[in-house]
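Dumping the structure here so I can ask a few things about it.
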Amino acid sequence: MRKNILMLALMFGSFTMVSVQAQDTNSREKTAIAQAQSSATFEVNGKCGMCKKRIEKAALGLEGVESAVWDAESKALAVKYDPAKVSEADIQKQVASVGHDTEQVKATEEAYNSLPGCCKYERK
């Protein structure tokens with residue numbers, strides 16, 4: 001009986017150590033992911049809900065972009081991304097490629113002219 005109790009205590013102690021090690025590994029992975037993620041907010045011209053969908057879809061279409069939310073009122077696009085895979089400049093180029101001027105990249109005339117009428121904003 002005493003031998004069985006000792007075996008159970010050893011097994012429980014081993015299980016506890018494995019559990020603590022697994023939790024520690026998960027914490028390190030979460031920290032590494034958080035450190036690898038950058039965020040940026042920049043102006044993107046647009047007007048409506050259709051613009052919102054187009055802008056967010058363009059940004060999210062790039063590998064490494066984790067989230068993209070555009071606000072029509074403030075004209076601000078907030079993105080979270082992995083800088084090892086994509087840069088803020090890449091995201092701005094991608095958004096401009098679908099017709100929306102950003103702080104750093106102006107859409108081509110062709111891309112801008114392909115926007116629906118309700119999405120055409122006053123260009124600077």
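Below, each value reflects all heavy atoms present in this structure, side chains not excepted, and no hydrogens, waters or symmetry copies. The model shown is predicted, which means the values in this text are computed figures rather than measured ones.
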Heavy-atom pair with the smallest gap, counting every atom of Leu115 and Gly99:
CD1-O, 3.3 Å

Val95 and Val105: same hydrophobic cluster, using ILVMFWY side-chain contacts below 4.5 Å?
no

Taking all non-hydrogen atoms of both residues, which atom of Pro116 and which atom of Arg54 are closest, and how far apart?
CD-NH2, 3.4 Å

In this structure, which one of Lys93, Lys75, Lys120, Arg123 forms a salt bridge (charged side-chain N to carboxylate O under 4.0 Å, His left out) with Asp101?
Arg123

On a heavy-atom basis, which atom in Ala58 and which in Val98 lie closest, and how many Å separate them?
CB-CG2, 3.9 Å

Rounded to the nearest 0.5 Å, what separates atom CZ in Phe42 from atom CD in Gln104?
8.5 Å

Closest contact, heavy atoms only, Ala76 versus Thr41:
CB-CG2, 3.9 Å

Quick one: do Val69 and Lys52 satisfy side-chain contact (heavy atoms from CB on, under 4.5 Å)? Show the steps, please.
CA-CA 8 Å; Val69 178; Lys52 177 178 175 63; 4.0 Å; yes

Give the minimum heavy-atom separation between Leu62 and Asp90, together with the two atoms involved.
CD1-O, 3.6 Å

Can you classify the ring geometry of Tyr112 versus Tyr121 as parallel (below 30°), tilted (30 to 60°) or perpendicular (above 60°)?
perpendicular

In this structure, are over 12 heavy atoms from other groups packed under 6.0 Å from Glu63 atom CD?
no

To the nearest 0.5 Å, what is the distance between CD on Gln94 and CD1 on Ile55?
12.5 Å

Provide the closest heavy-atom pair for Ala96 versus Ala111 in the form atom of the first, atom of the second, distance.
O-CB, 4.1 Å

Rounded distance [0.5 Å steps], CH2 in Trp70 versus CD in Glu43
10.0 Å

Which distance, rounded to the nearest 0.5 Å, do you find between the NZ of Lys53 and the SG of Cys119?
11.0 Å

Leu77 CG to Ile91 CD1 distance, which is reported to the nearest 0.5 Å:
8.0 Å

Atom NE2 of His100 and atom CG of Asn45: how far apart are they, to the nearest 0.5 Å?
9.0 Å

